[in-house]
Undergrad: 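Quick one: the structure is below, and I'll ask about it shortly.
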Amino acid sequence: MELLANFSLKNHNTFGIEAKAKEFIAVHSIEELRKVLQENASKKKFILGGGSNMLLTQDIDALVIHVDLKGKKILKETESHVWVESQAGENWHEFVLWTLEHDFGGLENMSLIPGNVGTTPVQNIGAYGTEIKDTFDSCEAMEIATQEMKTFVHSECKFGYRESIFKQEAKDQYIITSVVFKLTKVNHTIKTSYGDIIAELANQNVTNPTLKDVSNAVIAIRRSKLPDPKELGNSGSFFKNPIVLKSDFEKIHPKFPGMKFYEVSETEVKVPAGWLIEQAGFKGKRFGDAGIHKNQALVLVNYGGATGQEILAVSHDIQQTVFEKFGIRIEAEVNVI
Ligand code: EPU
């Protein structure tokens, strides 16, 4: 465990933004984490996982603690289910592949999402018809102030669309150290209802898909639409899909009959922000080294030398233009630091 001063975070954020941490330390165990928190009690701290959901717009004037706890194991099983635990620092996609090697079902639709396991509950990650909350059992977290461990069970996490207690009341108070998922061993629920998956499986001539087939289809779809952060800096969806009151939507829709929407409750619909941004003319546009991806307008990209401020400015421009055109406000999904 080595404390590094004036440390570049370029390789620790998937946007590939150059920003510096005043101090940086990577921790590899609960004991190390406790020690760092105890020894640096008075310092301002910033917790860093895989850096896949943040936009750095400035240097971080704090001690950055990189949670690098590794390990995954089967905790218990019944005839039908298995409880698997992953430490927070495991790469999410590698963990998903590990569950699929064991033929455990539940995470396959979330293949290839960038980031580490420990941050998945924070924003209740999701893709292609599933969210973490569907298989999440519990997570362990250390309270920063007391260094005591606490277990958060499902109901305590208050999961919502890209939401949880860790973005609300518990924000900046806990460090998630491990997560337990309850997965199926038999009678897997194969979720192919998401349009793109049906099309991709048909394309591959798969009629009776296995978990691995679904995962492979998701991987193919993501590779075709979403840029690989290793090749082009990005943070996945930059914005959330806005949830609009049906009463408001009914006034907007006649003016834009092509507007896509999904019912989310009796009173609300979700509108794809990617559609709004594309219609507002931003898809594929480039402003210096900051841009909007050519295949998915929800994703902002760094062509190499963009600063966080430049990407933020583009995001504000998009938000304002979308609001002026449609009267719908879109909110950032990534954490702007
Ligand atoms: N669309 C456009 N233009 C675009 C992008 C999308 O018109 O440039 C339209 C599509 O035609 C489609 C609709 O918007 O009708 C939805 O598009 P898509 O299926 O690609 O999904 P999304 O709503 O854009 C969400 C998640 C993604 C996740 C996909 C698949 C959010 C904010 N994003 O995107 O999550 O992979 O669904 O489930 O909910 C992420 O969070 O980082 C992420 C990539």
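Order of appearance sets the numbers: ligands from 1, and atoms from 1 within every ligand.
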Undergrad: Under 6.0 Å between the ring centres of Phe181 and Trp92?
TA: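 Here the rings of Trp92 and Phe181 have centres that are less than 6.0 Å from each other.
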
Undergrad: Would you say ligand 1 has an N or O under 3.5 Å from any N or O of Ser235?
TA: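 In fact, backbone or side chain, Ser235 has no N or O that close.
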
Undergrad: Which residue supplies the protein heavy atom nearest to atom 3 (N) of ligand 1, what is that atom called, and how far is it?
TA: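 Looking at atom 3 (N) of ligand 1, the protein heavy atom closest to it is Glu278 OE1, 2.6 Å.
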
Undergrad: What I want to find out is whether Glu169 reaches Lys158 closely enough, with some N-O distance under 4.0 Å, to be called a salt bridge.
TA: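 Salt bridge present between Glu169 and Lys158.
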
Undergrad: Distance under 4.0 Å to a non-hydrogen atom of Gly236: what atoms of ligand 1 satisfy this?
TA: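 So the atoms of ligand 1 that pass are 42 (O).
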
Undergrad: Mind checking whether Phe239 has an N or O less than 3.5 Å away from an N or O of ligand 1?
TA: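 No, no N or O pair falls under 3.5 Å.
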
Undergrad: Hey, does Arg162 sit under 4.0 Å from ligand 1 if you only count heavy atoms?
TA: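 Checking ligand 1 against Arg162, which is what was asked, there is a heavy-atom contact under 4.0 Å.
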
Undergrad: Between the side chains of Lys294 and Glu278, is the shortest nitrogen-to-carboxylate-oxygen separation below 4.0 Å, so that they form an ion pair?
TA: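 No, Glu278 and Lys294 are not salt-bridged.
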
Undergrad: Considering only non-hydrogen protein atoms, determine which one is nearest to atom 15 (O) of ligand 1 and report residue, atom name and distance to 0.1 Å.
TA: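 Closest protein heavy atom to atom 15 (O) of ligand 1: Lys260 CD, 3.0 Å.
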
Undergrad: Pick out which of His81, His102, Glu77 makes a side chain to side chain donor-acceptor pair (under 3.5 Å) with Lys185.
TA: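 The option that passes is Glu77.
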
Undergrad: Does one side chain, of Gln147 or Glu143, offer a donor that lies under 3.5 Å from an acceptor on the other?
TA: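 No, no side-chain donor-acceptor pair sits under 3.5 Å.
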
Undergrad: I want to know if ligand 1 touches Asn295 in the polar sense, i.e. an N/O pair below 3.5 angstrom.
TA: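 So ligand 1 has no N or O lying under 3.5 Å from an N or O of Asn295.
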
Undergrad: Identify the closest protein heavy atom to atom 43 (C) of ligand 1: which residue and atom is it, and at what distance?
TA: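 I find the closest protein heavy atom is Ser237 OG, 2.9 Å.
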
Undergrad: Nearest non-hydrogen atom to atom 34 (O) of ligand 1 belongs to which of Val218, Leu298, Val299?
TA: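 Considering heavy atoms of Val218, Leu298, Val299, the nearest to atom 34 (O) of ligand 1 sits in Leu298.
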
Undergrad: For atom 21 (O) of ligand 1, grab the closest protein heavy atom and report residue, atom and distance to one decimal in Å.
TA: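 So the nearest neighbour among protein heavy atoms is Tyr194 OH, 3.4 Å.
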
Undergrad: Give the numbers and elements of all ligand 1 atoms closer than 4.0 Å to a heavy atom of Lys283.
TA: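 By the 4.0 Å cutoff, the relevant atoms are 3 (N), 4 (C), 8 (O).
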
Undergrad: Would Tyr161 count as a polar contact of ligand 1, with the cut-off being nitrogen or oxygen pairs under 3.5 Å?
TA: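 Between Tyr161 and ligand 1, an N or O pair is found under 3.5 Å apart.
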
Undergrad: Hey, is Gln279 one of the residues with a heavy atom under 4.0 angstrom from ligand 1?
TA: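 Judged by the 4.0 Å heavy-atom criterion, Gln279 does not count as contacting ligand 1.
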
Undergrad: Would you mind checking which non-hydrogen protein atom is closest to atom 1 (N) of ligand 1, with the distance to 0.1 Å?
TA: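 Scanning the protein heavy atoms, the shortest distance from atom 1 (N) of ligand 1 goes to Trp275 N, 3.7 Å.
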
Undergrad: Would you say the rings of Phe256 and Phe326 are close, in the sense that their centroids are separated by under 6.0 Å?
TA: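 Phe326 vs Phe256: aromatic centres under 6.0 Å.
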
Undergrad: Looking at Lys246 and Asp248, is any side-chain nitrogen of the basic one under 4.0 Å from a carboxylate oxygen of the acidic one?
TA: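 No, this pair does not count.
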
Undergrad: When you measure from atom 14 (O) of ligand 1 to every protein heavy atom, which one gives the shortest distance, and what is it?
TA: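 Of every protein heavy atom, Pro272 CB, 3.1 Å lies nearest to atom 14 (O) of ligand 1.
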
Undergrad: A quick test of your reading: do over 12 heavy atoms of other residues, nucleotides or ligands sit less than 6.0 Å from CG of Asn187?
TA: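 Open: at most 12 neighbouring heavy atoms sit under 6.0 Å from CG of Asn187.
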
Undergrad: Considering only the protein, which heavy-atom contact is closest to atom 8 (O) of ligand 1, and what is its distance?
TA: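 For atom 8 (O) of ligand 1, the nearest protein heavy atom comes out as Ala297 N, 2.8 Å.
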
Undergrad: Salt-bridge test for Lys72 and Glu90: reply yes if a basic N is under 4.0 Å from a carboxylate O, no otherwise.
TA: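 Answer for the salt bridge query: yes.
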
Undergrad: Could you check Ile292, Leu55, Leu300 and say which one makes a side-chain contact (heavy atoms from CB on, under 4.5 Å) with Ser315?
TA: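 Passing option: Leu300.
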
Undergrad: Using a strict threshold of under 4.0 Å (side-chain N to carboxylate O), is an ion pair present between Lys10 and Glu18?
TA: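 Salt bridge flag = no for Lys10 with Glu18.
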
Undergrad: Could you find the nearest protein heavy atom to atom 16 (C) of ligand 1 and give me its residue, atom name and distance?
TA: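 Answer, as residue, atom name and distance: Tyr262 OH, 3.6 Å.
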
Undergrad: Could any protein non-hydrogen atom be found less than 4.0 Å from atom 23 (O) of ligand 1?
TA: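 Yes, because at least one protein heavy atom sits under 4.0 Å from atom 23 (O) of ligand 1.
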
